[in-house]
There are 2 protein chains.
Amino acid sequence: MPNLADVIEAYLVELLQQAEQRSIVIQRSDLAALFACAPSQVSYVLQTRFIPQRGYLVETRRGGGGYIRITGLLPSVDELWRQALEISSFALTISDARHLIGLLYQAGLITAREARLLRVALERAVLRLEQPWHDEVRAELMRSMLATLMTSREE
Amino acid sequence: MPNLADVIEAYLVELLQQAEQRSIVIQRSDLAALFACAPSQVSYVLQTRFIPQRGYLVETRRGGGGYIRITGLLPSVDELWRQALEISSFALTISDARHLIGLLYQAGLITAREARLLRVALERAVLRLEQPWHDEVRAELMRSMLATLMTSREE
DNA sequence: TCCTTCTTTGTCCTTCCCTGACCTTTATGA
DNA sequence: TCATAAAGGTCAGGGAAGGACAAAGAAGGA
């Protein structure tokens, strides 16, 4: 007897696979109605399954006509991407980040501009935070940015 | 099903693109009649979309023969970079950030991937901070990233 | 059993949209 | 001159989304 969360996850993955694009758009309340559960259950599934670590990107909009857009991985993703996500899975020092970005650039997976963008973002984004949080937040940001790059083709 | 506000916005943008000049003149009540909505709905669209932060200028005149003129500012490339920095000089809401990124992309100053990268970075980077700081920190990060992009024109 | 982790729900919050009632400005004509 | 009509402006309020979070329930392992 699988979880409802697993069922919803499977449903969304199925939708993603059948989609022409690599993204689908849903409404939280519709999905909740479909599975006869609380809307926050849908949020839970998104927060625990469709996360950058797994190569997903979720964008939302509130208010009337609000929606949730889920973008998934390209069918075949270079192993290096996966490793990069893996490396960024918990904490990421600034020097490890620089090294990782260098690898991605040398492998031709990101452009020089993208590399600089990643670097500056990872350096600056943590400045207002207490030291102990730096590496963790940096890893979090890195994962999101990696997921973005992984899921978008050239131009 | 998109919002009426989005539909009206798209309609006006379309008009602007087809216009010989860079500006169009409309009447609030006409537009309201066209879309079968309250006139104040039109005002709402103007106030939330066609604002200076997004590159538009709106001039109005009341009374008999009143009108609304919308001008789309199409700055030069250098001017656009400058304006982007200007807009990000102090505080930057997430929705203004998104539109600014859209402008840069439409002007061909950044690629689609770079646009996504900027967007996700600006969204995620502030999550661990208290609300009041979000817009300020976002502006700071945006400036850093803009500076990086400005100074590395080619791949 | 007891503890931990994951799941599920419920409640309240924030954001965004849309309308209606009322206000201000401008042109015009008696 | 000034009353009137014809614009657009302002603002409060209700509704429609999704978000955050705490707490209860379920599953599984030590």
Side-chain angles (χ1 to χ4, degrees), chain A residues 1-12 24-51 53-54 56-70 140 144, chain B residues 1-12 24-51 53-54 56-71 91-99 122-124 126-135 138:
Chain A
M1 175 107 58
N3 292 322
L4 218 205
D6 290 339
V7 176
I8 295 176
E9 177 187 10
Y11 173 76
L12 291 174
I24 56 174
V25 175
I26 59 165
Q27 295 215 289
R28 193 176 72 150
S29 50
D30 285 357
L31 206 55
L34 180 60
F35 289 99
C37 64
S40 48
Q41 171 77 337
V42 176
S43 299
Y44 173 74
V45 173
L46 295 176
Q47 285 159 20
T48 54
R49 270 84 168 165
F50 295 85
I51 53 180
Q53 285 94 318
R54 301 193 183 177
Y56 293 101
L57 199 62
V58 174
E59 302 159 280
T60 66
R61 178 162 172 190
R62 300 191 191 187
Y67 58 81
I68 297 177
R69 189 204 321 279
I70 307 174
E140 199 175 294
S144 294
Chain B
M1 51 210 66
N3 294 319
L4 219 206
D6 289 340
V7 175
I8 295 176
E9 176 187 12
Y11 174 76
L12 291 174
I24 56 175
V25 175
I26 59 166
Q27 295 217 293
R28 192 176 75 148
S29 50
D30 286 356
L31 206 55
L34 180 60
F35 289 99
C37 65
S40 50
Q41 172 77 337
V42 176
S43 299
Y44 173 75
V45 172
L46 296 176
Q47 285 160 19
T48 54
R49 272 89 167 160
F50 295 87
I51 55 180
Q53 285 85 359
R54 300 186 182 180
Y56 293 100
L57 185 66
V58 173
E59 303 158 281
T60 65
R61 175 131 187 216
R62 302 188 189 189
Y67 59 83
I68 296 177
R69 189 207 319 279
I70 306 174
T71 305
L92 190 64
T93 68
I94 187 59
S95 69
D96 284 345
R98 289 201 185 107
H99 277 264
L122 294 173
E123 282 165 8
R124 308 283 172 133
V126 302
L127 292 183
R128 299 292 188 98
L129 296 164
E130 299 291 328
Q131 272 285 350
W133 300 104
H134 282 196
D135 293 351
R138 191 178 290 115

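Convention: sequence-line order gives letters A, B, ...; per-chain numbering from 1.
Whole-Å rounding puts the Leu31(A) CG to dA17(D) C1' distance at 14 Å. The distance from atom CD1 of Ile94(B) to atom C1' of dT14(C) is 15 Å, rounded to the nearest whole Å. Look at CD on Gln41(A): it is 16 Å from C1' on dT11(C), rounded to the nearest Å. When the P atom of dT19(C) is taken as reference, atom CD1 of Ile8(B) falls 8 Å away, rounded to whole Å. Atom pair Asp96(B):CG and dT15(C):P shows a separation of 14 Å (rounding to whole Å applied). Rounding to whole angstrom units, CG of residue Leu127(B) and P of dC21(D) are separated by 11 Å. His99(B) places its NE2 atom 12 Å from the C1' atom of dC16(C), with the value rounded to the nearest Å. Taking atom CD of Glu59(B) as the reference point, atom P of dT25(C) lies 18 Å away to the nearest angstrom.
Distance from the side chain of Tyr44(B) is smallest for dC17(C) among the nucleotides dC17(C), dT9(C), dT8(C). In this structure, the nucleotide among dT19(C), dT7(C), dG10(C) sitting nearest to the side chain of Leu4(B) is dT19(C).
Glu140(A) pairs by the side chain to side chain contact (heavy atoms under 4.5 Å, CB included) definition with Arg143(A), Arg128(B), not counting sequence neighbours. In this structure, the side chain to side chain contact (heavy atoms under 4.5 Å, CB included) partners of Thr93(B), at least two apart in sequence or on a different chain, are Ser95(B), Asp96(B), Asp135(B). Remark: Gln53(B) pairs with no residue by the side-chain hydrogen bond (donor to acceptor under 3.5 Å, both in side chains) rule, at least two apart or across chains. Under the ring pair (Phe, Tyr, Trp, His ring centres under 6.0 Å) criterion, Tyr67(A) pairs with no residue, sequence neighbours left out.
Taking all atoms of both residues into account, the shortest heavy-atom contact from Ile70(B) to Phe50(B) is CG2-CD2, 3.8 Å.
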Report all interatomic pairs (protein N or O, nucleotide N or O of nucleotides 8-14 of chain D) with separations under 3.5 Å.
{"residue": "dG8(D)", "atom": "OP1", "partner": "Arg28(B)", "partner atom": "N", "Å": "2.7"}
{"residue": "dG8(D)", "atom": "OP2", "partner": "Arg28(B)", "partner atom": "N", "Å": "3.3"}
{"residue": "dG8(D)", "atom": "OP2", "partner": "Ser29(B)", "partner atom": "N", "Å": "3.2"}
{"residue": "dG8(D)", "atom": "N2", "partner": "Arg62(B)", "partner atom": "NH1", "Å": "3.3"}
{"residue": "dG9(D)", "atom": "OP1", "partner": "Thr60(B)", "partner atom": "OG1", "Å": "3.2"}
{"residue": "dG9(D)", "atom": "O4'", "partner": "Arg62(B)", "partner atom": "NH2", "Å": "2.8"}
{"residue": "dG9(D)", "atom": "N7", "partner": "Arg28(B)", "partner atom": "NH1", "Å": "3.3"}
{"residue": "dG9(D)", "atom": "N7", "partner": "Arg28(B)", "partner atom": "NH2", "Å": "3.2"}

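Among the protein residues, Arg49(B) comes within range of the sugar-phosphate backbone only, with heavy atoms under 4.0 Å from sugar or phosphate atoms but none that close to a base.
Although no hydrogens or angles enter the test, the distance criterion places no donor-acceptor pair under 3.5 Å between the side chain of Arg69(A) and the main chain of Glu59(A).
Listed by first and then second residue, the side-chain hydrogen bond (donor to acceptor under 3.5 Å, both in side chains) pairs involving residues 32-48 of chain B are Arg28(B)-Ser43(B) (not counting sequence neighbours).
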